[in-house]
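Heavy atoms only: backbone and side chains are in, while hydrogens, waters and symmetry mates are out. Proteins come first, then strands; the chains are lettered A, B, ... in the order of their sequence lines, and each starts at number 1.
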Protein chains: 2
Amino acid sequence: MSGGTLAARPKSSYKPDVPRRPRATRDTYHHGDLRNALVAAAVELVEGSSPEELTLREVSRRVGVNHRAAYRHFADKTALLAAVAEDGYRELLVAMQSALGELPARAKAAERLMALAVAYVAFAVDQPARYRIMFGRRLNEDGRFNALEELVARAYELLAAELKAGQLSGQFAVTPVRELVFGFWSLAHGFASLAIVRRLKVKRALLEPWSRQVFGPFLSGLSRR
Amino acid sequence: MSGGTLAARPKSSYKPDVPRRPRATRDTYHHGDLRNALVAAAVELVEGSSPEELTLREVSRRVGVNHRAAYRHFADKTALLAAVAEDGYRELLVAMQSALGELPARAKAAERLMALAVAYVAFAVDQPARYRIMFGRRLNEDGRFNALEELVARAYELLAAELKAGQLSGQFAVTPVRELVFGFWSLAHGFASLAIVRRLKVKRALLEPWSRQVFGPFLSGLSRR
DNA sequence: ACCTGAACACCGTTCAAGT
DNA sequence: ACCTGAACACCGTTCAAGT
């Protein structure tokens, strides 16, 4: 072998069968989109373990890249977490929207909100680690990740629109919408969180009926007397 | 100075003015109750920073003891966190009980639950880091900390008793109590958590009126039609 | 019994370099 | 531009010792 600085290779390389197809300029570069590859690896890593085990170094290893390479795309670890959370909020929005989409056109306001609740809780419980990243630490403390904030605002608006519609159609009592959104979201978030930490021991198959029972009083409390 | 192994002392010792009063057997030992000193230091450390910054080494430093000494009293870091959480649950129980105690004797069931809700949320928001330790990671995963579980059960029973009483007195509709407890706790936990992460931006002074607005629909949903 | 020291395998992050 | 290597200051945890 050649002597000098090139000789030493790491003993466990973590990249089993990378074909090493020759590339135009160099072959050690990562293919096109390292940023997305890192986010995808992070999401995959965190599920089936826990948020604590998500490390920049391990994610980089999985992608087959030096851990320093990640810093090209993320200023620090928090930035990676924010990207993972952002992804999650996007999926959560989709899940809520499609839950509404599956409802019959003339579903009552309370039914629509119930469908949202069920979808929300199911999303959280099905990917608990990611959900904890989304709602655990405050990621946007220094205001760097406004995309995150924007997605949260969209979820808020979705809920607000449903509650407002229920009031306009005369099904719900007219009270300040902001507080109602907060209440609804608190209930959904609290139920999901407690289920994830197992303070509530709910079997996955019974999650939907449980959700309905838990949201029952709140939704019936909204309706006009 | 003397040569050999005793010469080297750490440069920054973190114990500024410890009097070093002579003790009977040895003077390097920690006074009586190292265990409680560590828990107290941990609680103090974690508030005003964040759960992430709670390290075994920093806590030991604060108490003025080698970090290895902590292992005499806690099998690992999780055990220390569990002790901090346990302490928190005890205080939470006291807060809830005294909230009930301050109520007039003939307060309605809904008022009693509202008082519990307000006390719960205030507790959480006033010591957010500790609250996050109590409800963040699952600490009792391997079943080592049953005292923790026992305290959670007592909080559960407190809520269950209030709900049951409301049903027996005819103020609440009779539905399964378990689901009601879960709903109430979910709402309280969710509201507290979202307030802590600032997903809900609630000023401390407005926390109580907000709590009342948020719990309003839920509690009125409990009452008989 | 209670505490310490040195060592190990991990982190995140910075600096200086390679192509 | 994009990636790497060595180094730094931290962790939690283990092993072997000190009094």
In whole Å, I'd like the distance from the CG atom of N66(A) to the P atom of dA7(D).
14 Å

Compare side-chain N and O positions of Y71(A) against OP1 and OP2 of dT14(C) and report whether any pair is under 4.0 Å apart.
no

Assess, by modelled atom type and distance only, whether the side chains of T78(B) and R137(B) contain a donor and an acceptor separated by less than 3.5 Å.
yes

By nearest atom, which of the nucleotides dA6(D), dC11(C), dC15(D) is closest to the R68(A) side chain?
dA6(D)

Name the closest nucleotide to the L56(B) side chain, picking from dC11(C), dG5(C), dT13(D).
dT13(D)

Rounding to an integer number of Å, can you tell me how far L54(B) CG sits from dG12(D) P?
8 Å

Closer than 3.5 angstrom, by distance alone: can the side chain of K164(A) be matched with the main-chain N or O of L159(A) as a donor-acceptor pair?
no

Out of dC2(D), dG5(C), dC2(C), which has the shortest distance to the side chain of R72(B)?
dC2(C)

Grab the CG-P distance between L80(B) and dT13(D) for me, whole Å please.
10 Å

Phosphate OP1/OP2 of dC11(D) contacted by R61(B) side-chain N/O (<4.0 Å):
yes

Side-chain (Y89(B)) to main-chain (M134(B)) donor-acceptor, under 3.5 angstrom
yes

Toward the 5' end of DNA chain C, which comes first, H73(B) or T78(A), by nearest nucleotide?
H73(B)

Between N140(B) (side chain) and R144(B) (backbone), is there a donor-acceptor pair under 3.5 Å?
yes

Test log, rule ring-ring contact (aromatic ring centres under 6.0 Å, His included), inputs F184(B) and F215(B):
CA-CA 9 Å; F184(B) 182 90; F215(B) 277 86; 5.4 Å; yes

Taking a pair as Watson-Crick or G-U wobble with both distances under 3.5 Å, which nucleotide is matched to dT13(D)?
dA7(C)

To the nearest angstrom, how far is D33(B) atom CG from dC2(C) atom C1'?
14 Å

Atom CD of E52(B) and atom C1' of dG12(D) are separated, to the nearest Å, by 16 Å

Can you measure K77(B) atom NZ to dC10(D) atom P for me and round it to whole angstrom units?
15 Å

Examine dT4(D): is either OP1 or OP2 under 4.0 Å from a nitrogen or oxygen in the side chain of R57(A)? Give yes or no.
no

Tell me the interatomic distance from H67(B), atom NE2, to dA9(D), atom C1', rounded to whole angstroms.
14 Å

Take the protein atom CG of L45(B) and the nucleotide atom P of dC11(D), then report the distance between them rounded to whole Å.
10 Å

Using Watson-Crick geometry (N1-N3 plus N6-O4 or O6-N4) or G-U wobble (N1-O2, O6-N3), each under 3.5 Å, dT19(D) is paired with dA1(C)

